[in-house]
Q: 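Handing you a structure now.
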Amino acid sequence: MCGVVGIVGNRDVNLQLYDALIMLQHRGQDAAGIMTCQNGQLNQRKDVGLVSDVFKPRHMERLKGNIGIGHVRYPTAGSSGPSLAQPFYVNSPYGICMAHNGNLTNSRELLEHVFKTDLRHVNTDSDSEILLNVFAHELLLQDQLEPGAEDIFAAVKRVHRRCRGAYAVVGIVANYGLFAFRDPLGIRPMVLGSRQTEHGIEYMVASESVAFDTLGYEIERDLQPGEAIFIDSNGRLYAKQCADKFSLSPCIFEHVYFARPDSLIDNISVYKARLRMGEKLAEKILRERPDHDIDVVIPVPDTSRVSAQSIAETLQLKFREGFMKNRYIGRTFIMPGQTQRKKSVRQKLNPVKLEFRGKNVLLVDDSIVRGTTSSEIIQMARDAGAAKVYMASAAPPVRYPNVYGIDMPAATELIAHNQTVEQVARAIGADWLIYQDIEDLIASAQEGNSAIEQFDCSVFTGEYITGDVDKSYLDSLAQERSDNAKQNNNRELDDGSDEVIGLHNSTREMVR
């Protein structure tokens with residue numbers, strides 16, 4: 001899962017891109033990058049780290065141009081390093097850069113075609129660079145000296161025919177404009193916004209609407225599955241459906257965990273969806289444990305807070321903040337190695353002992369993945385003096401890997417895989433455990449947009465909506481995402497990358 005943003009403005013957009021990436025930081029903390037375009041010259045800064053660490057005043061001064069894109073990276077296969085930071089760039093044709101959120105499920109097949117048929121070279125193991133080269137090749141086939149909107153749309157149409165999986169993309173064709181498109185199933189989100197200034201209209205696309213708020217952009221709409229937009233260098237907006245077949249099937253885990261609650265995704269309020277998740281889970285508690293002896297409801301910060309508040313209200317119980325969060329520790333379920341995860345949980349959360357001592361506590365989390373975090377938190381609650389510790393998950397049991405851009409590991413590393421609820425409860429040390437029902441989770445999100453016929457719920461059901469995921473694919477994915485693979489894939493870090501990429505004579509001048 002990553003965050004992407006693109007802006008076409010009337011003046012330099014570097015500071016707007018920085019502010020937007022700050023608002024999207026929750027979608028990726030591994031690396032960040034910005035690329036802008038001024039008079040046919042692409043200017044870049046990217047590196048590993050948080051947005052505030054990657055971009056300093058000296059970097060921002062170099063990022064000139066009224067068109068730009070940005071990216072915050074979340075590594076799905078564990079690899080890390082400046083070479084994998086986005087945006088990626090190719091110089092042919094025209095000079096194209098691209099940022100991508102999602103994961104291609106046929107990347108190996110595509111890589112072979114890119115090399116043997118398209119005659120293009122890929123520098124990294126990133127499927128995002130493969131996607132960029134596929135798009136660049138298809139745009140080259142349009143054979144236009146000056147590409148227009150229809151050439152962009154024709155290239156995207158061919159990308160849809162070649163690529164499978166999840167992809168929400170934003171990019172720049174140097175000198176000509178900004179493009180964005182979404183996969184034919186709309187698995188990953190992409191929102192279009194605009195604002196009127198004294199110098200004219202400005203456009204912005206981003207992974208979440210929350211990026212618009214601080215910059216004064218208004219939501220125009222979500223990009224439709226399979227749709228592409230192109231905003232030319234004069235600020236004219238073009239849009240076209242580029243997929244032969246399409247249907248909106250967004251990833252429901254955006255509403256469970258990844259998206260900020262103040263975002264609208266596919267016209268669904270993430271906040272209200274999480275409120276409904278809490279209400280339905282509370283109703284299940286009342287059905288299955290009408291004689292419960294819960295004294296207090298405590299969320300596991302941060303994404304479970306809204307659901308936990310709703311549970312407390314429905315059960316007419318006290319809601320308390322029992323854990324204080326260190327906001328400088330990253331998300332633990334993507335960290336390599338069990339020892340590091342356990343250490344990070346203790347660094348990340350500290351209990352308020354007065355809220356636990358002598359009480360029967362219901363801990364509420366958004367989901368349970370490996371179980372490492374849950375078992376550590378339950379033990380922390382007991383160490384703080386809790387009499388009994390119950391656990392509620394706002395999502396159903398996570399039993400299958402995610403293949404569309406979330407680093408959920410091999411099935412054997414998922415605590416609920418082939419396990420009953422009672423077995424998971426014993427494994428994490430809870431007195432009892434209750435999960436959300438899949439039907440209630442779907443209803444909680446679908447109520448916000450009844451036009452959505454289905455969600456991608458593959459991590460809960462094992463049903464992959466692209467229809468191309470089999471056992472051999474999952475076995476291969478498991479090897480790539482294992483803890484050992486992640487430790488072996490760690491790359492030596494350097495100072496990042498600042499570049500001025502000129503189009504004249506296809507040269508690239510490196511600036512340090």
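When a residue number appears, it is its place in the shown sequence, counting from 1.
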Q: Taking only Lys NZ, Arg NE, NH1 and NH2, and the carboxylate oxygens of Asp or Glu, determine whether D118 and R120 approach each other closer than 4.0 Å.
A: no
Q: Under the criterion side chain to side chain contact (heavy atoms under 4.5 Å, CB included), which of L131, V170, I130 is the partner of H100?
A: L131
Q: Decide, yes or no, whether a salt bridge links E208 with R27 under the criterion of side-chain N to carboxylate O below 4.0 Å.
A: yes
Q: Does a salt bridge link E254 with R188, judged by any charged N lying under 4.0 Å from a carboxylate O?
A: yes
Q: State plainly whether the residues E138 and K157 are in salt-bridge range, i.e. N to O under 4.0 Å.
A: no
Q: State which residues pass side chain to side chain donor-acceptor pair (under 3.5 Å) with D19; sequence neighbours excluded, sorted by chain then number.
A: none
Q: Using the ring of each side chain (for Trp, its six-membered ring), is H255 parallel, tilted or perpendicular to F455, with breaks at 30° and 60°?
A: perpendicular
Q: Just checking, is any N or O donor in the side chain of S249 or Q454 under 3.5 Å from an acceptor N or O on the other one?
A: yes
Q: Using the ring of each side chain (for Trp, its six-membered ring), is F460 parallel, tilted or perpendicular to F253, with breaks at 30° and 60°?
A: tilted
Q: Answer yes or no: is there an ion pair linking K280 with E447, defined by an N-O contact shorter than 4.0 Å?
A: no
Q: Report yes if the distance between the aromatic ring centroids of Y167 and H160 is under 6.0 Å, otherwise no.
A: yes
Q: I need the single residue from D468, D183, D127 that forms a salt bridge (Lys or Arg N to Asp or Glu O under 4.0 Å) with R164. Which is it?
A: D468
Q: Will you find, in the side chains of D222 and Q224, an N or O donor that is under 3.5 Å from an N or O acceptor?
A: no
Q: Does Q196, at its CD atom, have more than 12 non-hydrogen atoms belonging to other residues, nucleotides or ligands within less than 6.0 Å?
A: yes
